[in-house]
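Just so we're on the same page: letters track the sequence lines, and every chain starts at 1. Model, not experiment: these values are computed from the prediction.
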2 protein chains.
Amino acid sequence: MDNRLAVTLLSSIAQEARLDVFRLLVQAGRQGLAAGAIATKLGIPGSTLSFHLKALSHAGLLTARQESRFIYYAANYEAMNRLLAFLTENCCTGEQACRPDLDCYTKSEEG
Amino acid sequence: MDNRLAVTLLSSIAQEARLDVFRLLVQAGRQGLAAGAIATKLGIPGSTLSFHLKALSHAGLLTARQESRFIYYAANYEAMNRLLAFLTENCCTGEQACRPDLDCYTKSEEG
DNA sequence: TTTATATTTCCACAATTATCGAAATATTGC
DNA sequence: GCAATATTTCGATAATTGTGGAAATATAAA
(Lines give C-alpha, C1' and ligand atoms only; values in the text may rest on other atoms or scores of the structure.)
Protein backbone atom coordinates (compact mmCIF):
# COMPACT_ATOMS: atom_id res chain seq x y z
CA MET A 1 0.00 0.00 0.00
CA ASP A 2 1.35 3.41 -0.92
CA ASN A 3 0.73 6.74 0.79
CA ARG A 4 -1.79 7.75 -1.84
CA LEU A 5 -4.03 4.76 -1.19
CA ALA A 6 -3.61 5.07 2.56
CA VAL A 7 -4.81 8.67 2.37
CA THR A 8 -7.84 7.58 0.36
CA LEU A 9 -8.69 4.90 2.91
CA LEU A 10 -8.08 7.19 5.87
CA SER A 11 -10.09 10.04 4.33
CA SER A 12 -13.00 7.73 3.81
CA ILE A 13 -13.35 7.07 7.54
CA ALA A 14 -12.11 10.46 8.73
CA GLN A 15 -15.62 11.86 8.82
CA GLU A 16 -18.25 11.33 11.50
CA ALA A 17 -21.09 10.12 9.31
CA ARG A 18 -18.85 7.75 7.42
CA LEU A 19 -17.15 6.39 10.51
CA ASP A 20 -20.63 5.78 11.93
CA VAL A 21 -21.64 3.97 8.75
CA PHE A 22 -18.53 1.84 8.74
CA ARG A 23 -18.82 0.90 12.41
CA LEU A 24 -22.46 0.00 11.92
CA LEU A 25 -21.57 -2.25 9.02
CA VAL A 26 -18.73 -3.85 10.95
CA GLN A 27 -21.27 -4.79 13.59
CA ALA A 28 -23.73 -5.97 10.96
CA GLY A 29 -21.32 -8.61 9.73
CA ARG A 30 -20.66 -10.04 6.30
CA GLN A 31 -24.25 -9.85 5.13
CA GLY A 32 -24.31 -6.10 5.62
CA LEU A 33 -27.30 -3.77 5.60
CA ALA A 34 -29.45 -2.24 2.89
CA ALA A 35 -28.85 1.45 2.21
CA GLY A 36 -32.30 2.35 3.49
CA ALA A 37 -31.72 0.54 6.76
CA ILE A 38 -28.46 2.42 7.28
CA ALA A 39 -30.17 5.73 6.56
CA THR A 40 -32.92 4.95 9.05
CA LYS A 41 -30.60 3.72 11.80
CA LEU A 42 -28.34 6.72 11.51
CA GLY A 43 -30.94 9.33 10.65
CA ILE A 44 -29.20 10.44 7.49
CA PRO A 45 -31.08 11.58 4.36
CA GLY A 46 -30.80 9.16 1.47
CA SER A 47 -28.92 11.44 -0.86
CA THR A 48 -26.40 12.34 1.83
CA LEU A 49 -25.86 8.71 2.73
CA SER A 50 -25.41 7.80 -0.90
CA PHE A 51 -22.64 10.37 -1.14
CA HIS A 52 -20.84 8.82 1.82
CA LEU A 53 -21.41 5.24 0.70
CA LYS A 54 -19.77 6.15 -2.57
CA ALA A 55 -16.71 7.50 -0.77
CA LEU A 56 -16.38 4.37 1.36
CA SER A 57 -16.96 2.05 -1.61
CA HIS A 58 -14.53 3.94 -3.79
CA ALA A 59 -11.88 3.53 -1.12
CA GLY A 60 -12.66 -0.16 -1.09
CA LEU A 61 -13.83 -0.30 2.51
CA LEU A 62 -17.32 -1.39 1.54
CA THR A 63 -18.69 -3.95 -0.85
CA ALA A 64 -22.13 -3.63 -2.38
CA ARG A 65 -24.43 -6.29 -3.71
CA GLN A 66 -27.88 -5.97 -5.18
CA GLU A 67 -30.56 -8.19 -3.76
CA SER A 68 -34.01 -7.63 -5.16
CA ARG A 69 -34.74 -3.94 -4.92
CA PHE A 70 -32.22 -3.46 -2.12
CA ILE A 71 -28.53 -2.79 -2.24
CA TYR A 72 -26.68 -4.33 0.66
CA TYR A 73 -23.50 -2.68 1.81
CA ALA A 74 -21.02 -4.63 3.88
CA ALA A 75 -17.71 -3.83 5.56
CA ASN A 76 -14.64 -5.08 3.74
CA TYR A 77 -12.70 -6.39 6.70
CA GLU A 78 -9.71 -7.32 4.57
CA ALA A 79 -9.32 -3.72 3.36
CA MET A 80 -9.44 -2.45 6.92
CA ASN A 81 -6.93 -5.10 7.88
CA ARG A 82 -4.56 -3.87 5.19
CA LEU A 83 -4.95 -0.30 6.40
CA LEU A 84 -4.18 -1.30 9.97
CA ALA A 85 -1.14 -3.23 8.77
CA PHE A 86 0.06 -0.19 6.83
CA LEU A 87 -0.32 2.07 9.84
CA THR A 88 1.37 -0.40 12.13
CA GLU A 89 4.29 -0.94 9.79
CA ASN A 90 4.78 2.55 8.44
CA CYS A 91 3.67 4.83 11.21
CA CYS A 92 5.23 3.05 14.14
CA THR A 93 8.58 1.91 12.76
CA GLY A 94 11.08 1.07 15.44
CA GLU A 95 8.61 1.63 18.22
CA GLN A 96 7.34 -1.48 19.89
CA ALA A 97 4.97 0.61 21.96
CA CYS A 98 3.10 1.56 18.85
CA ARG A 99 1.15 -1.62 18.38
CA PRO A 100 -2.39 -2.50 19.33
CA ASP A 101 -2.35 -4.12 22.73
CA LEU A 102 -3.38 -7.59 21.64
CA ASP A 103 -3.53 -10.30 24.25
CA CYS A 104 -0.93 -12.30 22.37
CA TYR A 105 1.53 -9.48 22.58
CA THR A 106 3.81 -9.15 25.56
CA LYS A 107 5.40 -5.81 26.19
CA SER A 108 9.15 -5.72 26.69
CA GLU A 109 10.48 -3.32 29.28
CA GLU A 110 11.69 0.02 28.05
CA GLY A 111 13.92 2.77 29.47
CA MET B 1 -11.78 7.15 22.65
CA ASP B 2 -15.02 8.38 21.11
CA ASN B 3 -15.89 8.75 17.43
CA ARG B 4 -15.31 12.47 17.56
CA LEU B 5 -11.70 12.11 18.69
CA ALA B 6 -11.08 9.25 16.29
CA VAL B 7 -12.25 11.45 13.41
CA THR B 8 -9.90 14.21 14.54
CA LEU B 9 -6.98 11.79 14.67
CA LEU B 10 -7.85 10.18 11.36
CA SER B 11 -8.37 13.52 9.63
CA SER B 12 -4.98 14.67 10.77
CA ILE B 13 -3.22 11.89 8.86
CA ALA B 14 -5.74 11.62 6.02
CA GLN B 15 -3.82 14.07 3.88
CA GLU B 16 -0.70 13.40 1.85
CA ALA B 17 1.52 16.14 3.21
CA ARG B 18 0.56 15.35 6.79
CA LEU B 19 0.96 11.60 6.39
CA ASP B 20 4.41 12.30 4.92
CA VAL B 21 5.25 14.49 7.90
CA PHE B 22 4.06 11.93 10.38
CA ARG B 23 5.91 9.05 8.73
CA LEU B 24 9.08 11.11 8.60
CA LEU B 25 8.81 11.86 12.30
CA VAL B 26 8.09 8.25 13.13
CA GLN B 27 11.37 7.39 11.43
CA ALA B 28 13.14 10.24 13.17
CA GLY B 29 12.42 8.77 16.57
CA ARG B 30 11.72 10.35 19.93
CA GLN B 31 14.02 13.33 19.43
CA GLY B 32 12.07 14.41 16.37
CA LEU B 33 13.06 17.01 13.79
CA ALA B 34 13.06 20.80 13.68
CA ALA B 35 10.30 22.37 11.59
CA GLY B 36 12.81 23.72 9.10
CA ALA B 37 14.36 20.30 8.60
CA ILE B 38 10.95 18.82 7.88
CA ALA B 39 10.18 21.57 5.40
CA THR B 40 13.47 21.01 3.59
CA LYS B 41 13.20 17.23 3.51
CA LEU B 42 9.67 17.30 2.17
CA GLY B 43 9.93 20.42 0.01
CA ILE B 44 7.02 22.16 1.68
CA PRO B 45 6.89 25.97 2.19
CA GLY B 46 7.20 26.98 5.82
CA SER B 47 3.77 28.48 6.16
CA THR B 48 2.12 25.45 4.62
CA LEU B 49 4.06 23.11 6.86
CA SER B 50 3.14 25.15 9.90
CA PHE B 51 -0.52 24.76 9.02
CA HIS B 52 -0.14 20.98 8.85
CA LEU B 53 1.98 20.73 11.99
CA LYS B 54 -0.77 22.54 13.83
CA ALA B 55 -3.36 20.02 12.66
CA LEU B 56 -1.21 17.08 13.73
CA SER B 57 -0.33 18.67 17.06
CA HIS B 58 -3.91 19.63 17.76
CA ALA B 59 -4.93 16.02 17.19
CA GLY B 60 -2.24 15.02 19.65
CA LEU B 61 -0.19 13.00 17.19
CA LEU B 62 2.83 15.26 17.53
CA THR B 63 4.62 16.79 20.45
CA ALA B 64 6.64 19.98 20.13
CA ARG B 65 9.54 21.21 22.19
CA GLN B 66 11.54 24.36 21.81
CA GLU B 67 15.30 24.03 21.76
CA SER B 68 17.19 27.20 21.20
CA ARG B 69 15.77 28.81 18.09
CA PHE B 70 14.37 25.53 16.83
CA ILE B 71 11.13 23.80 17.52
CA TYR B 72 11.42 20.05 17.41
CA TYR B 73 8.39 18.06 16.48
CA ALA B 74 8.20 14.39 17.36
CA ALA B 75 5.69 11.62 16.73
CA ASN B 76 3.50 10.73 19.68
CA TYR B 77 3.62 6.97 19.40
CA GLU B 78 1.22 6.49 22.27
CA ALA B 79 -1.48 8.51 20.51
CA MET B 80 -1.06 6.46 17.35
CA ASN B 81 -1.21 3.34 19.47
CA ARG B 82 -4.52 4.44 20.92
CA LEU B 83 -5.89 5.15 17.44
CA LEU B 84 -4.84 1.71 16.22
CA ALA B 85 -6.45 0.14 19.27
CA PHE B 86 -9.68 2.04 18.60
CA LEU B 87 -9.76 0.92 14.98
CA THR B 88 -8.97 -2.66 15.90
CA GLU B 89 -11.61 -2.79 18.60
CA ASN B 90 -14.36 -0.73 17.00
CA CYS B 91 -13.97 -1.25 13.32
CA CYS B 92 -13.31 -4.97 13.29
CA THR B 93 -15.66 -6.28 15.96
CA GLY B 94 -16.31 -9.96 15.71
CA GLU B 95 -13.88 -10.38 12.86
CA GLN B 96 -10.64 -12.07 13.74
CA ALA B 97 -9.40 -11.48 10.21
CA CYS B 98 -9.42 -7.78 10.85
CA ARG B 99 -6.23 -7.55 12.82
CA PRO B 100 -2.73 -6.54 11.77
CA ASP B 101 -0.83 -9.64 10.81
CA LEU B 102 1.70 -9.58 13.63
CA ASP B 103 4.19 -12.40 13.89
CA CYS B 104 2.84 -13.28 17.30
CA TYR B 105 -0.62 -13.77 15.90
CA THR B 106 -1.64 -17.13 14.53
CA LYS B 107 -4.60 -17.20 12.21
CA SER B 108 -7.37 -19.62 13.02
CA GLU B 109 -8.91 -21.45 10.11
CA GLU B 110 -12.07 -19.90 8.73
CA GLY B 111 -14.86 -21.12 6.51
C1' DT C 1 20.82 47.46 19.25
C1' DT C 2 21.28 45.43 14.91
C1' DT C 3 21.39 41.40 12.12
C1' DA C 4 20.42 36.71 11.10
C1' DT C 5 17.75 32.65 11.58
C1' DA C 6 13.50 29.84 12.72
C1' DT C 7 8.84 29.59 12.92
C1' DT C 8 4.23 31.19 12.98
C1' DT C 9 0.34 34.12 11.85
C1' DC C 10 -2.23 36.69 8.55
C1' DC C 11 -4.53 37.07 4.37
C1' DA C 12 -6.43 36.12 0.03
C1' DC C 13 -7.62 32.74 -2.85
C1' DA C 14 -8.34 28.03 -4.83
C1' DA C 15 -9.98 23.58 -4.23
C1' DT C 16 -12.42 20.15 -2.06
C1' DT C 17 -16.00 18.31 0.72
C1' DA C 18 -20.64 18.03 2.87
C1' DT C 19 -25.63 18.70 2.82
C1' DC C 20 -30.12 17.65 1.14
C1' DG C 21 -34.41 18.39 -1.77
C1' DA C 22 -35.96 17.29 -6.23
C1' DA C 23 -35.66 14.64 -10.16
C1' DA C 24 -34.00 10.52 -12.37
C1' DT C 25 -33.06 5.58 -12.48
C1' DA C 26 -33.75 0.86 -11.23
C1' DT C 27 -36.48 -3.16 -9.58
C1' DT C 28 -40.58 -5.47 -8.37
C1' DG C 29 -45.43 -6.64 -8.37
C1' DC C 30 -50.04 -5.87 -10.19
C1' DG D 1 -47.96 -0.14 -18.69
C1' DC D 2 -48.69 1.70 -14.01
C1' DA D 3 -47.83 2.21 -9.16
C1' DA D 4 -44.84 1.46 -5.26
C1' DT D 5 -40.39 1.13 -3.29
C1' DA D 6 -35.19 1.65 -3.05
C1' DT D 7 -31.36 4.08 -4.32
C1' DT D 8 -28.67 7.28 -6.94
C1' DT D 9 -27.68 11.46 -9.51
C1' DC D 10 -28.19 16.33 -10.11
C1' DG D 11 -27.75 20.90 -8.73
C1' DA D 12 -27.37 24.61 -5.76
C1' DT D 13 -25.30 26.08 -1.70
C1' DA D 14 -22.66 26.14 2.57
C1' DA D 15 -18.69 24.94 4.99
C1' DT D 16 -14.17 23.39 5.44
C1' DT D 17 -9.57 22.68 4.04
C1' DG D 18 -5.19 23.56 1.59
C1' DT D 19 -1.74 26.77 -0.38
C1' DG D 20 1.92 30.01 -0.07
C1' DG D 21 3.79 34.91 -0.01
C1' DA D 22 4.33 38.66 3.11
C1' DA D 23 4.49 40.33 7.56
C1' DA D 24 4.94 39.43 12.45
C1' DT D 25 7.10 37.10 16.37
C1' DA D 26 10.79 34.84 18.88
C1' DT D 27 15.39 33.48 19.81
C1' DA D 28 20.14 34.00 19.42
C1' DA D 29 24.51 36.00 18.12
C1' DA D 30 27.52 39.96 16.90
Side-chain angles (χ1 to χ4, degrees), chain A residues 3-25 28 31-76, chain B residues 3-25 28 31-76:
Chain A
N3 262 29
R4 218 14 173 350
L5 177 57
V7 165
T8 300
L9 278 267
L10 288 167
S11 296
S12 76
I13 52 171
Q15 204 273 351
E16 283 215 48
R18 287 197 297 268
L19 186 54
D20 287 342
V21 169
F22 188 74
R23 290 186 62 179
L24 180 62
L25 290 177
Q31 79 175 30
L33 286 175
I38 301 171
T40 302
K41 292 217 181 203
L42 299 180
I44 301 174
S47 56
T48 300
L49 178 65
S50 196
F51 171 83
H52 291 309
L53 288 174
K54 196 158 67 173
L56 286 162
S57 301
H58 176 252
L61 278 174
L62 298 187
T63 59
R65 71 173 198 288
Q66 182 119 19
E67 197 160 303
S68 168
R69 263 183 297 196
F70 305 85
I71 296 179
Y72 283 80
Y73 285 89
N76 181 345
Chain B
N3 262 27
R4 201 65 155 322
L5 178 56
V7 166
T8 300
L9 278 267
L10 288 168
S11 296
S12 77
I13 52 171
Q15 204 272 351
E16 281 215 49
R18 287 198 296 268
L19 186 54
D20 287 342
V21 168
F22 188 73
R23 290 186 62 179
L24 181 63
L25 290 177
Q31 77 175 31
L33 286 175
I38 300 171
T40 302
K41 289 215 183 203
L42 299 179
I44 301 173
S47 57
T48 300
L49 178 64
S50 196
F51 171 83
H52 291 310
L53 288 174
K54 195 158 66 174
L56 287 161
S57 301
H58 175 252
L61 278 174
L62 297 188
T63 58
R65 72 173 198 287
Q66 181 120 20
E67 198 159 301
S68 167
R69 263 182 296 195
F70 305 86
I71 297 179
Y72 282 80
Y73 286 90
N76 182 345

- Message: In whole Å, I'd like the distance from the NE2 atom of His58(B) to the P atom of dT8(C).
- Response: 16 Å
- Query: Nearest to the side chain of Pro45(B) - dG21(D), dG21(C), dT7(D)?
  - Reply: dG21(D)
- Step through the shown structure and confirm whether more than 12 heavy atoms of other residues, nucleotides or ligands are within 6.0 Å of CD on Gln31(B). no
- How close or far is atom P of dT27(D) from atom CZ of Arg65(B), stated in whole angstroms? 16 Å
- Kindly say if His52(B) contacts the phosphate of dT19(D), meaning a side-chain N or O under 4.0 Å from OP1 or OP2. yes
- Leu62(B) CG to dT7(C) P: how many Å, rounded? 14 Å
- Task: Write down the distance between CG (Leu19(B)) and P (dG18(D)), rounded to a whole number of angstrom.
- Result: 13 Å
- Query: Does any donor-acceptor pair link the side chain of Thr48(B) with the base of dG18(D) at a separation under 3.5 Å?
  - Reply: no
- Item | From His52(B) atom NE2 to Asp20(B) atom CG, the distance as rounded to the nearest 0.5 Å | 10.0 Å
- DNA chain D: 5'-proximal contact among Arg18(B) and Lys54(A) (nearest heavy atom): Lys54(A)
- Message: Would you say Gln15(A) places a side-chain N or O within less than 4.0 Å of OP1 or OP2 belonging to dT19(C)?
- Response: yes
- Item | Distance in Å, Leu10(A) CG paired with Asn3(A) CG, rounded so as to fall on 0.5 Å steps | 9.5 Å
- Leu10(B) CG to dT17(D) P, in whole Å, measures 14 Å
- Message: Between Ser50(A) and dT8(D), is there a contact of a side-chain N or O with OP1 or OP2 at under 4.0 Å?
- Response: yes
- Message: Return the CD1 to OG distance between Ile44(A) and Ser50(A), rounded to the nearest 0.5 Å.
- Response: 11.5 Å
- Task: In whole angstrom, give the distance that lies between atom CZ of Phe51(A) and atom C1' of dT13(D).
- Result: 13 Å
- When you measure from the side chain of Arg69(A), which nucleotide among dT8(C), dA6(D), dT9(D) comes out closest? dA6(D)
- Message: Regarding Ser68(B), tell me which of base, sugar-phosphate or nothing describes its non-hydrogen contacts under 4.0 Å with the strands shown.
- Response: sugar-phosphate
- Message: Tell me whether Glu67(A) at atom CD has more than 12 heavy atoms from other residues, nucleotides or ligands lying less than 6.0 Å away.
- Response: yes
- Item | Sugar-phosphate only, base, or nothing, as touched by Gly46(B) at under 4.0 Å among non-hydrogen atoms | base
- Earlier contact from the 5' end, DNA chain C, for Ala37(B) and Ala55(A): Ala37(B)
- Please state how far atom CZ in Phe70(A) lies from atom P in dA4(D), giving the value in whole angstrom units. 16 Å
- Message: Rounded at 0.5 Å granularity, tell me how far OG1 in Thr48(A) sits from CG in Leu53(A).
- Response: 10.5 Å
- Message: Any side-chain N or O of Tyr73(A) below 4.0 angstrom from OP1/OP2 of dT8(D)?
- Response: yes
- Write down the distance between CD (Glu16(B)) and C1' (dT17(D)), rounded to a whole number of angstrom. 15 Å
- Minimum-distance nucleotide to Gln66(A) side chain [options: dT27(C), dT27(D), dC20(C)]: dT27(C)
- Give one of base, sugar-phosphate or nothing for Ala34(A), where a contact means two heavy atoms less than 4.0 Å apart. sugar-phosphate
- Message: Heavy atoms from C-beta onward define the side chain here; which of dT28(C), dT7(D), dT8(C) lies closest to that of Leu53(B)?
- Response: dT8(C)
